[in-house]
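So you know, we letter chains A, B, ... as the sequences are listed, proteins then strands, and number each from 1.
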Amino acid sequence: MNRRDFLKIACFSVAGLPARSTLDRFTGKALAKSTMIGQPKWAMVVDLKACLTKPGCRDCIDACHSIHNVPSFNNPKDEVKWIWTSPFKEVFPDQTYQFTSREVQARPVLVLCNHCDNPPCVKVCPTKATFKRDDGLVMMDYHRCIGCRYCMAACPYGARSFNWKDPRPFIKEIRQDFPTRTKGVVEKCSFCEERLAKGLNPACVEACTAKGLAFGDLNEPESQVRNMLTFKPSARRKAHLGTEPKVFYLP
Amino acid sequence: MIEKALRGGRIYWSWVMLLLAMIALGFIFYVRQWSLGLGITGMGRDVSWGLYIANFTFLVGVAASAVMVVLPYYLHNFKTFGRITIFGEFLAVAAVTMSVLFIFVDLGQPARVFNIMLYPSPQSVLFWDMIVLNLYLVLNLIIGWRTLEAEQQEEAPPSWLKPLVFLSIPLAISIHTVTAFIYSGLGARPFWLTALLAPRFLASAFASGPALLIILCLIMRRVTKFDTGQEAIQKIALIVTYALSVHMFFFLVELFTVFYGGIPEHMHHFQYLFGAGGQPLLTISAWISLILTWTAFFILINPRTRRIEGTLIYALLAVIIAVWIEKGLSFVIPGFIPSPLGEIAVYAPTIPEILITKGVWSVGLLVLTILYKVAVSVKEDLSS
């Protein structure tokens with residue numbers, strides 16, 4: 001390498017360094033990297049087979065919605081939901097359905113916020129009202145949200161709900177130990193951060209008697225979720241989008 | 001200079017009164033929206049942006065299109081646009097005002113709007129849109145107003161104005177590019193996820209904005225003594241023709257990629273928009289837009305029909321309506337349908353939503369009327 005080549009390479013690498021990190025920050029890659037070593041990385045595993053052993057069961061949904069003061073509007077327009085079921089075919093649109101029976105296609109699959117490692121909602125928020133914690137939880141600051149709903153447009157999973165009206169009159173029984181929300185802000189599943197802080201599992205996981213839900217730390221090699229994912233194939237919703245969802249599905 | 005807006009004839013005052021009445025009506029419904037929430041609109045969990053954001057997108061285009069008169073005049077010294085440039089700049093001021101207001105009325109928590117500045121978030125495209133739109137608004141107001149002042153005093157515009165004009169040219173391109181990036185950067189919405197979006201936005205903007213400018217000039221010629229001149233109008237009509245052709249070409253390019261590429265999630269939205277299974281309001285307006293676009297195109301490419309004002313005016317109106325639909329309702333709504341979970345939600349704007357929208361348009365038209373009144377009065381005084 002002559003002097004000229006050396007200088008060329010040196011110049012390009014120095015110029016490239018800040019550009020690379022700025023680009024990562026801009027595209028949200030920096031968000032994915034920010035999870036520190038020693039921090040937990042929370043994830044959920046949904047065992048579809050176990051879930052189907054109790055058809056029509058709503059234990060997890062009811063548990064979540066009642067402790068989090070989620071209103072029930074009973075119409076799809078104003079609806080607020082943190083965890084719910086959708087037909088198998090819509091949750092995993094990339095699978096083959098040509099030979100699957102309608103019954104299988106329509107099987108209810110539990111869906112909730114995926115707490116993505118590379119969350120598009122966090123990237124687009126103009127006020128950082130939605131943000132990612134070091135332990136991977138994607139959180140909402142209901143007091144900072146201006147209600148622009150850019151995060152709803154950016155979420156590929158339809159996980160976010162907006163308070164189109166004052167939700168309080170539509171909450172069946174208001175729980176005093178959890179905040180209610182105001183009209184005009186976005187909300188979604190929080191992986192029960194208030195329970196994690198006390199060392200408890202999320203309410204949906206605790207409520208599931210069919211053992212269809214597991215929760216734990218992906219950074220912990222011996223954790224239940226890691227064990228479940230090691231020996232079986234698992235799926236994540238729209239993983240091709242690069243959002244790195246942290247809700248895993250076992251077939 | 002502003003005092004000139006306070007002296008006018010009967011037509012002027014009845015027009016202003018009509019606008020004020022529309023603003024008042026819109027405001028009454030906005031107060032309702034403020035207290036009851038955005039639930040009084042047709043938007044919902046699946047279609048979470050609607051008429052407000054549709055109008056916002058269209059109007060940013062109108063604002064950006066001022067560059068089509070500013071650039072030839074200032075960069076190429078194209079004297080024909082000398083009398084019309086100021087009206088392009090003032091149209092931009094009114095259009096940006098409306099754009100910003102449409103974002104504001106769309107907020108769920110409008111009282112917290114300054115959180116955008118309190119917690120600046122450069123990774124959000126909306127943050128950048130706020131910056132470029134406000135900068136563009138201020139620049140055009142300063143440039144337009146100061147140029148007019150200089151004209152009134154019959155002196156050359158101050159030299160510090162030139163750099164601002166030069167800055168406003170790339171800024172015009174950037175406001176619409178950044179607005180396109182709000183949509184085209186979302187992996188979640190295949191309908192918007194196309195690198196062609198910003199160029200498409202610019203092309204349709206450079207057709208619809210100048211078309212609106214010609215219509216406004218023709219109205220001014222009727223109700224005032226001011227005339228921008230036949231040649232200027234014809235030159236702008238030519239710009240509209242080229243921009244419309246490019247816009248149509250881009251749209252066909254988009255259709256090719258989507259349908260020859262054949263990726264279902266990209267095709268679904270187009271099929272829903274133009275297909276029979278869709279929502280009548282949406283499908284019918286999408287087809288109307290398409291028909292108007294082609295009609296305008298045939299009137300405009302034929303030099304004879306373009307040169308006759310009687311036919312030109314229909315082409316221009318067709319362009320404005322077609323683009324308003326195309327990058328408004330036909331663009332925003334199908335992005336949300338089918339939803340990420342395959343749901344076919346129904347969206348139709350409600351009456352409060354429509355009246356608030358009309359109120360915002362009236363604010364913009366009032367700003368436009370006042371600025372145009374001042375400019376026309378100054379020019380009338382000079383010629384008499």
Option that, when pairs with chain B are counted at under 4.5 Å, heavy atom only, ranks first among [options]:
{"options": "A/Pro87, A/Cys125, A/Gly242, A/Ala159", "result": "A/Cys125"}
{"options": "A/Lys89, A/Glu79, A/Lys165, A/His143", "result": "A/His143"}
{"options": "A/Thr127, A/Val185, A/Leu241", "result": "A/Thr127"}

With a 4.5 angstrom heavy-atom cut-off, which part of [X] approaches chain A: side chain, backbone, both or neither?
{"X": "B/Leu107", "result": "both"}
{"X": "B/Phe181", "result": "backbone"}
{"X": "B/Ile53", "result": "neither"}
{"X": "B/Ser48", "result": "both"}
{"X": "B/Met130", "result": "neither"}
{"X": "B/Pro264", "result": "neither"}

message: Do the side chains of A/Lys49 and A/Asp47 get close enough for a salt bridge, i.e. N-O under 4.0 angstrom?
response: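 Here A/Lys49 does not pair with A/Asp47 in a salt bridge, since their nearest N and O are not under 4.0 Å apart.
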- prompt: Only one of B/Tyr347, B/Trp192, B/Phe331 forms a ring-ring contact (aromatic ring centres under 6.0 Å, His included) with B/Phe336, so which one is it?
  reply: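 Looking at B/Tyr347, B/Trp192, B/Phe331, the match for B/Phe336 under the ring-ring contact (aromatic ring centres under 6.0 Å, His included) is B/Trp192.
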query: Is the charged tip of B/Arg200 near the ring of B/Phe251: under 6.0 Å from the six-membered ring centre and within 45° of its axis?
result: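 Geometry flag: not set, cation outside 6.0 Å or 45°.
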- prompt: Is NZ or CZ of A/Arg237 both nearer than 6.0 Å to the six-membered ring centre of A/Tyr157 and within 45° of the ring axis?
  reply: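 The answer is no; the distance or angle limit is not met.
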- prompt: So, A/His68 versus A/Trp82, ring centres under 6.0 angstrom or not?
  reply: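 Yes.
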- prompt: Is the A/Phe92 to A/Tyr249 ring centre distance short of 6.0 Å?
  reply: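 Ring centroids of A/Phe92 and A/Tyr249 are less than 6.0 Å from each other.
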Which atoms of [X] come close to chain B, meaning under 4.5 Å heavy atom to heavy atom: side chain ones, backbone ones, both, or neither?
{"X": "A/Cys148", "value": "both"}
{"X": "A/Lys81", "value": "both"}
{"X": "A/Ile146", "value": "both"}
{"X": "A/Ala129", "value": "neither"}
{"X": "A/Pro120", "value": "neither"}
{"X": "A/Ser86", "value": "side chain"}

task: Find the distance between CE (B/Met43) and OG1 (B/Thr350) and round it off to the nearest 0.5 Å.
output: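 If I round to the nearest 0.5 Å, the distance is 8.5 Å.
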message: Distance check, rounded to the nearest 0.5 Å: B/Phe191 atom CZ versus B/Glu254 atom CD?
response: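 Rounded to the nearest 0.5 Å, the CZ-CD separation comes out at 8.0 Å.
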Pick from [options]: which one has the most heavy-atom pairs with chain A under 4.5 Å?
{"options": "B/Asp106, B/Leu118, B/Ile116", "result": "B/Asp106"}
{"options": "B/Gly185, B/Ser339, B/Ser121", "result": "B/Ser121"}
{"options": "B/Gly37, B/Gly187, B/Pro110, B/Gly44", "result": "B/Gly44"}

field: Test side-chain hydrogen bond (donor to acceptor under 3.5 Å, both in side chains) applied to B/Thr57 and B/Trp49, B/Tyr52, B/Tyr183, the passing residue
entry: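 Result: among B/Trp49, B/Tyr52, B/Tyr183, B/Tyr183 is the only option passing the side-chain hydrogen bond (donor to acceptor under 3.5 Å, both in side chains) with B/Thr57.
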- prompt: Can A/Asp78 and B/Arg45 be said to form a salt bridge (Lys or Arg N to Asp or Glu O under 4.0 Å), step by step?
  reply: CA-CA 6 Å; A/Asp78 299 324; B/Arg45 195 181 187 280; over 6 Å; no
message: With no hydrogens and no angle check, just 3.5 Å: does a side-chain donor-acceptor pair link A/Thr243 and A/Asn118?
response: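 Result is no, nothing qualifies.
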